[in-house]
Protein chains: 2
Amino acid sequence: MTNSPIFAYAEPEENNGYLLWQVSMRWQLLMNQRLRDVGITLTQFSLLAGLYWLDRRGEVVTQQRLADYANTDKMMTSKVVQTLEGKGLLSRMDNPEDGRAKQLRLTPAGETVLGQANTLVEQVDAAVFQAIQSEANVFNRLMQQLMANMPK
Amino acid sequence: MTNSPIFAYAEPEENNGYLLWQVSMRWQLLMNQRLRDVGITLTQFSLLAGLYWLDRRGEVVTQQRLADYANTDKMMTSKVVQTLEGKGLLSRMDNPEDGRAKQLRLTPAGETVLGQANTLVEQVDAAVFQAIQSEANVFNRLMQQLMANMPK
DNA sequence: TTAATAAAGTAGTCACGACTACTAAATTCA
DNA sequence: TGAATTTAGTAGTCGTGACTACTTTATTAA
């Protein structure tokens with residue numbers, strides 16, 4: 001081991017990127033553990049939720065549109081959406097207006113599961129963010145600033 | 001679609017958990033893209049860095065110790081550490097004091113790559129967190145509070 | 001109006017990340 | 001001390017998440 005230290009700080013916890021990563025991983029773990037009760041994963045939840053939002057807006061939702069909205073890549077979206085179709089939570093119809101595209105719709109079962117899942121998601125969020133409850137709006141603003149200015 | 005909305009908010013961006021997840025995923029993507037230049041992943045970087053920290057403390061580092069420190073599970077750590085051994089970035093010796101355990105050490109090549117990687121990591125962090133530069137300490141405090149009070 | 005290009009979706013690879021289940025070596029304690 | 005339990009590590013599965021490469025269908029433009 002050489003004498004010149006590689007890192008500029010004394011503990012990894014001083015690094016905001018490291019903290020962001022760690023907290024997010026824990027949050028995801030808690031979410032996935034909780035969502036197991038309704039038989040879906042966090043990623044599946046986010047796609048179901050995205051589909052719900054877009055449908056609420058009155059949009060015709062293709063896989064690509066959903067991927068753009070949920071910030072997932074289209075290859076992964078393709079797979080997960082097929083999984084969700086297999087579970088009967090959404091339907092994939094051929095889009096009559098575009099021979100390449102699929103048209104996604106939540107099934108009644110999908111909407112039911114989404115509602116149940118969201119209850120669990122809200123519980124986990126409440127438990128996690130309770131620690132900074134009084135400054136939740138500050139946190140939200142900072143995260144939005146990060147999100148909006150993310151490189152590339 | 002029923003008339004009663006499932007979600008309590010109008011846009012997903014109002015949800016702190018969702019934002020945390022999205023920002024973290026982007027951050028990871030940027031890190032992994034940048035680290036490709038030195039041939040390692042973010043996870044590999046974090047284990048090399050953890051090993052460096054623990055060695056600096058004078059500890060004998062086993063895989064389990066490293067997993068605990070980096071908050072990774074031991075199964076994943078086992079695999080990634082073998083990958084890193086294959087790349088010649090660390091060595092895994094049998095621990096003479098415990099027949100079950102491996103003793104990990106950074107190789108000189110590992111230390112070199114860690115240094116190069118950390119330069120890239122610092123650049124990405126600087127670019128990402130530039131957006132909240134003046135409030136970086138507020139962000140750090142909030143994240144530490146979340147981390148310290150994470151359920152379970 | 002074709003020819004070039006772009007877009008929607010799929011197949012398959014690699015590397016996590018969480019998991020169950022297992023082996024073998026320590027440790028504990030009855 | 002010998003049996004029960006704990007601990008370190010591995011094997012293999014599932015579900016992302018990013019990627020390359022491909023097919024098929026639209027769109028654009030020469």
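- Aromatic ring pairs are classed by plane angle as parallel below 30°, tilted from 30° to 60° and perpendicular above 60°; the pair B:Phe129 and B:Phe139 is tilted.
- Ring planes of B:Trp27 and A:Trp21: tilted class, angle from 30 to 60°.
- Looking at heavy-atom distances under 4.0 Å, B:Asp98 makes contact with sugar-phosphate atoms alone, never a base.
- At C:dA15, none of the side-chain N or O atoms of B:Thr41 fall inside 4.0 Å of OP1 or OP2 (strictly under the cut-off).
- Of the candidates B:Gln82, B:Gln103, B:Arg92, B:Lys74, B:Arg92 is the only one forming a side chain to side chain donor-acceptor pair (under 3.5 Å) with B:Gln63.
- For the pair B:Asn71 CG and C:dC16 P, the computed distance is 17 Å after rounding to whole Å.
- Using a 4.0 Å heavy-atom distance criterion, A:Arg36 is classed as a sugar-phosphate-only contact.
- Note on B:Lys102: only backbone sugar-phosphate atoms sit closer than 4.0 angstrom, heavy atoms only; bases stay farther off.
- Within the 4.0 angstrom heavy-atom criterion, no nucleotide atom of any strand lies near A:Asn32.
- Taking every side-chain heavy atom of B:Arg92 into account, D:dT10 is the closest of D:dT10, C:dA15, D:dT16.
- Listed pair A:Gln63 / C:dA7 fails the phosphate criterion, with no side-chain N or O lying under 4.0 Å from OP1 or OP2.
- Position along DNA chain C of the nearest nucleotide to A:Gln33 versus A:Gln64 favours A:Gln64 as the more 5'-ward residue.
- Counting non-hydrogen atoms under 4.0 angstrom, B:Leu29 reaches the backbone sugars and phosphates but no base.
- Regarding B:Met76, its CE atom lies at a distance of 17 Å from the P atom of D:dA8, rounded to whole Å.
- Of the two residues contacting DNA chain D, namely A:Leu42 and A:Pro96, the nearest-nucleotide position lying further toward the 5' end is that of A:Leu42.
- In this structure the side chain of A:Leu35 reaches within 4.5 angstrom of the side chain of A:Val38, judged on heavy atoms.
- One finds a salt bridge joining A:Arg141 and B:Glu135 here, because a Lys/Arg side-chain nitrogen approaches an Asp/Glu carboxylate oxygen to under 4.0 Å.
- Taking only side-chain nitrogens and oxygens, A:Thr83 never comes nearer than 4.0 Å to OP1 or OP2 of D:dG15.
- For the pair A:Thr72 and B:Lys74, nearest-nucleotide mapping onto DNA chain D gives the more 5' position to B:Lys74.
- Between A:Gln44 and D:dT16 there is a side-chain N or O to OP1 or OP2 distance below 4.0 Å.
- Side-chain nitrogen and oxygen atoms of B:Thr77 include none within less than 4.0 Å of the OP1 or OP2 phosphate oxygen of D:dG9.
- Within the 4.0 Å cut-off from OP1 or OP2 of C:dA18, not a single side-chain nitrogen or oxygen of A:Gln28 is found.
- Within 4.0 Å of B:Arg65, counting heavy atoms only, lies no atom of the nucleic acid at all.
- Side-chain atoms of B:Arg100 come within donor-acceptor range of the base of D:dT7, with a qualifying N/O pair under 3.5 Å.
- Put simply, the side chain of B:Gln144 reaches to within 4.5 Å of the side chain of A:Leu19, judged on heavy atoms.
- No hydrogens or angles were tested; on distance alone, a donor-acceptor pair under 3.5 Å links the side chain of B:Lys79 to the base of D:dG12.
- Look at B:Ser78 and you'll find a side-chain N or O under 4.0 angstrom from OP1 or OP2 of D:dT10.
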